[in-house]
Amino acid sequence: MFREDFAWGVATSAYQIEGTDPDDGRGKCIWDTFSEEGHTRGDNASVACDHMHRYKEDFALMKELGIRAYRFSVNWCRILPNGTGEINPKGIAMYRDMIMEMRANGIEPFLTMYHWDLPQALEDKGGWLNPEIVDAFGEYAKVIAENFSDIVENFFTINEPQCIVGLGYVTGVHAPGRKLPLEDTFKISINVMKAHGTAVKKLREFARRPIKIGYAPTCTVAIPASESPEDIEAAREKYFRMSDKGNNWAWNVAWFSDPVLLGEFPAQGLELFKDYIPEITKEDIELIHQPIDFVGQNIYNGYYIKAGSNGKYEDVPMYPGFPQTGVNWPVMSECLYWGIRFAYERYHLPIYITENGMACHDCISVDGKVHDPNRQDFLDRYISAVERACDEGMDVRGYFLWSFTDNFEWEQGFHGRFGIVYVDFRTGKRIPKDSAYWYKTVIESNGGTLASTREQATGCSLNRFE
């Protein structure tokens, strides 16, 4: 069962939904530049969901749908147009009004400081490769604490450091679209984690009341092919190892979580990439390893692992026709249970599922509604996996469904609808999908309407591997 104070929520990010206004005072960020350069399928987020002009409507809709918590992000360059220095009062006023509007609608705000919208002015100085960015992020955290800690209790520092480094600077698929030498990408990863540590210190130092702080990494989950002790240990080992492929090194758990949560870098990674990793000092570790209150987990899918006959883990290939989402991600609800379990057993911190959801090929039907039974099935299975973790004693504090509205999906432009609320990007019209009303019943019953016992009741396994 879910705890009585379980945070049933939805999530979005600033750049994906807010849009812009000629008089909003926001600075330019790396995704503006990336779009201008033609890397986002010809689309841009200049309007997106126009949330900056329609947030009162959106929060009223959240209330109608029973949403109790909202994980949102603040756009760094809307607060500090150049990343440091002059503060944009219009940005402060907008976010304060947004937060007060959330609260007026009974919605608890969870503020994420950074969801990839690096000010272009800082990227022009080297971006995350420039060590000065650590102090710049600390200055930003000070502004956040001074202006929002009186009305926000829960903060996340950085969203998905794996993507910041791996997609932004290793493969160049995301903004700023750079493909840097391996040694530079390791420097960036350390700067990102030092920025997190600096932000934790500044948030606590300048907060106007006691606050709670977390961190929101991601990764694809290693799922044991069976629940034999051997397969479970094989999956656990795989999950916390780093790939030896330089073009995929950043897609892992341990490198970005062990230093932050345990105070040490993974020995396997240090050995594997010893020729590329810069000196890491005791002071670096102390800065990175700041005490935090909880950890977020952004989990969507996974892969299967079994114990091999030689004592090592082995990959288990997907069977033909394995179910996929609208953006071709595999559907495997077990990933939420095992992702929670492995993280909780290793890090011993309260967990929020900070992102989980499904992109579908949604459209408006002839009756004017948006029917998405596949999303309802997906969410039922996945949230039931969270419930299993709760039932087994893991400290899971909340679930944030990605996402509330359809969004600007980064390099994919407007391809891929993740929302439980349909957005007509031509007019901005919102239409709650069937899944939005389904989720409302789940929230109202505190998970009581989930089909968590489907396997026992029908004999139909929830394990998509079978």
Side-chain angles (χ1 to χ4, degrees), residues 8-24 26 31-32 35 40-73 75 78 94-95 97-99 101-102 104-107 109 115 325-327 355 357-376 378-379 400-443:
W8 291 103
V10 291
T12 64
S13 83
Y15 192 78
Q16 292 179 272
I17 66 169
E18 284 180 357
T20 58
D21 186 288
D23 300 318
D24 64 8
R26 177 174 85 78
W31 279 95
D32 297 321
S35 297
T40 55
R41 296 171 63 104
D43 299 324
N44 65 69
S46 61
V47 176
C49 302
D50 198 27
H51 179 68
M52 69 174 293
H53 296 118
R54 305 181 68 151
Y55 60 82
K56 292 186 178 182
E57 170 191 348
D58 288 338
F59 297 145
L61 183 55
M62 283 188 193
K63 180 180 180 180
E64 178 184 330
L65 295 172
I67 304 301
R68 298 179 184 174
Y70 179 39
R71 179 181 172 240
F72 68 104
S73 75
N75 187 323
R78 192 180 292 282
M94 187 187 88
Y95 286 122
D97 193 59
M98 284 174 58
I99 294 163
E101 195 70 21
M102 290 177 215
N105 284 280
I107 301 163
H115 198 132
T325 71
V327 290
E355 287 186 24
M358 179 188 190
C360 298
H361 296 295
D362 298 317
C363 63
I364 303 173
S365 297
V366 292
D367 61 2
K369 299 178 181 179
V370 179
H371 305 294
D372 56 346
N374 46 352
R375 180 177 285 109
Q376 292 174 62
F378 176 101
L379 294 172
F400 292 92
L401 192 161
W402 186 272
S403 60
F404 181 60
T405 54
D406 296 329
N407 302 318
F408 177 80
E409 289 299 331
W410 307 111
E411 85 283 5
Q412 293 299 316
F414 293 107
H415 173 70
R417 291 182 177 271
F418 281 86
I420 55 172
V421 173
Y422 183 93
V423 177
D424 184 330
F425 292 110
R426 300 165 300 176
T427 65
K429 182 179 179 180
R430 275 79 161 137
I431 303 175
K433 305 173 188 179
D434 288 354
S435 59
Y437 298 108
W438 172 89
Y439 190 43
K440 180 180 181 180
T441 68
V442 172
I443 296 171

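When a residue number appears, it is its place in the shown sequence, counting from 1. This structure is a prediction, so every number in the text was calculated from the model and none was measured.
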Is there a side chain to side chain contact (heavy atoms under 4.5 Å, CB included) between Thr40 and Trp31? Walk through the geometry before answering. CA-CA 9 Å; Thr40 55; Trp31 279 95; 4.1 Å; yes

Rounded at 0.5 Å granularity, tell me how far [atom1] in [X] sits from [atom2] in [Y].
X	Y	atom1	atom2	answer
Asp406	Gln16	CG	CD	11.0 Å
Cys360	Asp372	SG	CG	6.0 Å
Asp32	Thr20	CG	OG1	7.5 Å
Asp424	Cys49	CG	SG	11.0 Å
His115	Thr12	NE2	OG1	9.0 Å
Arg54	Ile17	CZ	CD1	12.0 Å

Looking at every non-hydrogen atom in both residues, tell me the closest pair between [X] and [Y] and how far apart they are.
X	Y	answer
Ala11	Ser403	O-CB, 3.1 Å
Thr325	Met358	CG2-CG, 3.7 Å
Asp434	His371	OD2-ND1, 2.6 Å
Ile67	Gly9	CG2-CA, 4.2 Å
Trp402	Ser13	CH2-N, 3.6 Å
Tyr422	Cys363	CE1-CA, 4.2 Å

Asp97 and Tyr55: side-chain hydrogen bond (donor to acceptor under 3.5 Å, both in side chains), yes or no, with the steps? CA-CA 10 Å; Asp97 193 59; Tyr55 60 82; 2.5 Å; yes

Using modelled atom types only, decide if a donor and an acceptor are shared between the side chain of [X] and the backbone of [Y] within a distance under 3.5 Å.
X	Y	result
Lys440	Glu64	yes
Thr427	Lys429	yes
Thr405	Asn407	no

For a side-chain hydrogen bond (donor to acceptor under 3.5 Å, both in side chains) check, start with the C-alpha distance between Ser73 and Tyr15, then their side-chain angles and the critical distance, and finish with the verdict. CA-CA 8 Å; Ser73 75; Tyr15 192 78; over 6 Å; no

Would a 4.5 Å heavy-atom cut-off, applied to side chains only, mark [X] and [Y] as touching?
X	Y	value
Asp58	His51	yes
Lys369	Ile364	no
Val421	Leu61	yes
Leu379	Trp438	yes
Glu18	Arg78	yes
His361	Arg417	no
Arg41	Gln412	yes
Met62	Tyr70	yes

Test salt bridge (Lys or Arg N to Asp or Glu O under 4.0 Å) applied to Asp362 and Arg375, step by step: CA-CA 10 Å; Asp362 298 317; Arg375 180 177 285 109; 3.0 Å; yes

Under 30°, 30 to 60°, or over 60°: which ring-plane class applies to Tyr439 and Trp8, parallel, tilted or perpendicular?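 Answer is perpendicular, since the angle exceeds 60°.
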
What pairs with Phe414 under ring-ring contact (aromatic ring centres under 6.0 Å, His included), at least two apart in sequence or on another chain?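 Testing Phe414 for ring-ring contact (aromatic ring centres under 6.0 Å, His included), a comparison that skips the adjacent residues, returns Phe408, Phe425.
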
I'd like to check the ring-ring contact (aromatic ring centres under 6.0 Å, His included) partners of Tyr95; sequence neighbours left out, ordered by chain and number.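 Result, ring-ring contact (aromatic ring centres under 6.0 Å, His included) vs Tyr95: none returned.
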
Could you give me the CA-CA distance, side-chain angles and deciding distance for Glu409 and Phe418, then say whether side chain to side chain contact (heavy atoms under 4.5 Å, CB included) is met? CA-CA 9 Å; Glu409 289 299 331; Phe418 281 86; 3.5 Å; yes

Of Ile107, Val10, Ile99, the residue whose pairing with Phe72 passes side-chain contact (heavy atoms from CB on, under 4.5 Å): Ile99

Are Arg71 and Glu355 ion-paired here, with the side-chain N under 4.0 Å from a carboxylate O? yes

